[in-house]
Protein chains: 2
Amino acid sequence: MRVHPRKLTPDDVARTALRVLDELGLPDLTMRRLATELGVQPSALYWHFPDKQTLLAAVADRILPLAPAEGNEPAAGEDWAARLHAEADALRAALLAHRDSAEVVSSTIALGLGANPALARLRRALADGPFDEVTAGRAASTMLHLVLGQVSLEQQRVQYERLGVRAAQGEQPAPARPEGSDAEDFRFGVAALIAGLRTGG
Amino acid sequence: MRVHPRKLTPDDVARTALRVLDELGLPDLTMRRLATELGVQPSALYWHFPDKQTLLAAVADRILPLAPAEGNEPAAGEDWAARLHAEADALRAALLAHRDSAEVVSSTIALGLGANPALARLRRALADGPFDEVTAGRAASTMLHLVLGQVSLEQQRVQYERLGVRAAQGEQPAPARPEGSDAEDFRFGVAALIAGLRTGG
DNA sequence: ACCTGAACACCGTTCAAGT
DNA sequence: ACCTGAACACCGTTCAAGT
């Protein structure tokens, strides 16, 4: 709810959408809610974006910027495997910074919208390796699926715990996963794929 | 639209839902549409299922049965790597048999619903390998993400082409992917992951 | 037990009209 | 150019009431 709504830019809309996403989650990120938050009528949003999916693609591009996250840049001079691992870690970190981000990014990719900077960065890391273009593309795509799937599960668990124990009847309260398991699961998958790429390269 | 709607079972509902999914796609699989198809009021569905997500979980369990698909059973006596590859192929085949299936299964998994028989089958294949339980679980989960991500992309392309070229302005008409590329992409990712698991085991 | 009828509380999107 | 006002065509879900 802006107090003095001077003028709206697409950037304002996307930025506020990302804030609403963090505060309320994807199911409550509706065009009407977003409009209210911007102090504007829902129909006003359609002057800046053709539809909701395109708006979500802009949000996805904010979640995964083209440049690596601060402190997560892969050091130059490292080999492709180390760089690829660093990029995967950076991707996970960028996703974990926002609620329901994996779902937003996945659906954007599934619809073929957005710049898909994640794929571009993974491919850049692979460019140093002994792969032809087709293979590098396949490897990047495989890694992206792995990252999105893993983070998606991770974020689902958070949301699950947010709903409370809700142990109705004989339902077990929680899988009781030890601290850091998600990070270890992630590391395992990434390492396995990279090891496989190494043998195939 | 049933003509003689004797009595409705949850099975009838799920089966019809799967048919509607194939014919109209996930966006048009609404409770109202499904009710119409069954010759019943929308509210009637809520006697058989508590909500739409649970119904979709039942649909997901129909798409991925607990037993391997006919002709895709991994031969006994093969090593774990061959079995795992066979299970991955069977999973892909089962998914490709129904429209928007990857999205249905993914969302069901993301919500922690359904029996998730896919994961169980992948774990069974890994049971023959040199992995402890935790590692086998991680490997299965990684493979599942890979399969779902790849098939999701594949199904998106089909739907894309279904919408026609729609080359408005300077949009490229189609990525012009050669026949069988999707299968090769899939094979590459699966083989790479298995190779990595082999080195790590 | 199984389903109808009718409502509740929403959605995304369009479009003439205002400024 | 940018936004309002009002509508259109839907959703999922609930719940009293019927049989």
Side-chain angles (χ1 to χ4, degrees), chain A residues 1-18 20-21 23-60 100 103-104 107-108 110-111 113 159 163 166 168, chain B residues 1-18 20-21 23-60 100 103-104 107-108 110-111 113 159 163 166 168:
Chain A
M1 212 106 63
R2 306 285 333 281
V3 198
H4 290 179
R6 269 288 128 240
K7 214 179 212 171
L8 223 50
T9 68
D11 230 69
D12 292 330
V13 178
R15 196 175 57 248
T16 303
L18 183 52
V20 172
L21 180 71
E23 290 170 0
L24 306 177
L26 185 55
D28 287 333
L29 175 49
T30 67
M31 296 300 265
R32 289 163 191 269
R33 181 71 162 123
L34 179 55
T36 301
E37 212 72 22
L38 288 163
V40 98
Q41 293 295 316
S43 49
L45 302 175
Y46 290 85
W47 202 91
H48 300 282
F49 291 94
D51 50 38
K52 188 181 182 181
Q53 274 306 332
T54 307
L55 201 168
L56 283 180
V59 173
D100 293 343
E103 220 171 325
V104 172
S107 79
T108 294
L111 292 172
L113 300 172
Q159 165 181 20
L163 294 180
R166 74 179 204 88
Chain B
M1 214 104 63
R2 307 282 337 278
V3 199
H4 290 179
R6 270 290 129 238
K7 213 179 214 171
L8 224 48
T9 68
D11 230 69
D12 292 331
V13 178
R15 197 176 56 249
T16 304
L18 184 52
V20 173
L21 180 70
E23 290 171 359
L24 306 177
L26 185 53
D28 286 333
L29 174 49
T30 67
M31 296 300 265
R32 291 162 191 271
R33 180 69 161 125
L34 177 56
T36 300
E37 212 73 20
L38 287 162
V40 97
Q41 293 296 315
S43 48
L45 302 176
Y46 290 85
W47 202 93
H48 300 281
F49 291 95
D51 51 38
K52 188 181 182 181
Q53 274 305 331
T54 308
L55 201 168
L56 284 181
V59 173
D100 293 345
E103 220 171 326
V104 172
S107 79
T108 295
L111 291 172
L113 300 173
Q159 166 180 19
L163 294 180
R166 74 179 205 88

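Letters A, B, ... mirror the listed sequences (proteins, then strands); counts begin at 1.
The interatomic distance linking A:W47 (CH2) with D:dC3 (C1') rounds to 10 Å, in whole Å. C:dT4 atom C1' lies 15 Å from atom CG of B:L38, rounded to whole Å. The interatomic distance linking B:L24 (CG) with D:dC10 (P) rounds to 14 Å, in whole Å. What separates CZ of B:F49 from C1' of C:dC2 is a distance of 15 Å, to the nearest Å.
Between B:L18 and the options B:V13, B:L29, B:V104, B:V59, a side chain to side chain contact (heavy atoms under 4.5 Å, CB included) holds for only B:V59.
The closest donor-acceptor contact from the side chain of B:D12 to the backbone of B:T9 lies under 3.5 Å. The closest donor-acceptor contact from the side chain of A:D100 to the backbone of A:L26 lies under 3.5 Å. Although no hydrogens or angles enter the test, the distance criterion places no donor-acceptor pair under 3.5 Å between the side chain of A:T54 and the main chain of A:P50.
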Heavy-atom contacts, protein to nucleotides 12-19 of chain C, under 4.0 Å, summarised as B (base), S (sugar-phosphate only) or - (none) per nt, yield BBBB----
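To the nearest whole angstrom, the two C1' atoms, one in C:dC2 and one in D:dA17, are 13 Å apart.
Rounding to the nearest 0.5 angstrom, the gap separating the CG atom in B:L45 from the CZ atom in B:R32 is 10.5 Å. The distance from atom CE of B:M31 to atom CZ of B:F49, rounded to the nearest 0.5 Å, is 8.5 Å.
Remark: C:dT19 base-pairs with D:dA1; criterion is Watson-Crick or G-U wobble with both hydrogen-bond distances under 3.5 Å. Searching all strands for a Watson-Crick or G-U wobble partner of D:dA9 with both distances below 3.5 Å returns nothing.
Using a 4.0 Å cut-off, no side-chain N or O of A:Q41 falls inside it from OP1 or OP2 of D:dC3. Of the side-chain N and O atoms in B:H48, none sit less than 4.0 angstrom from OP1 or OP2 of C:dA1.
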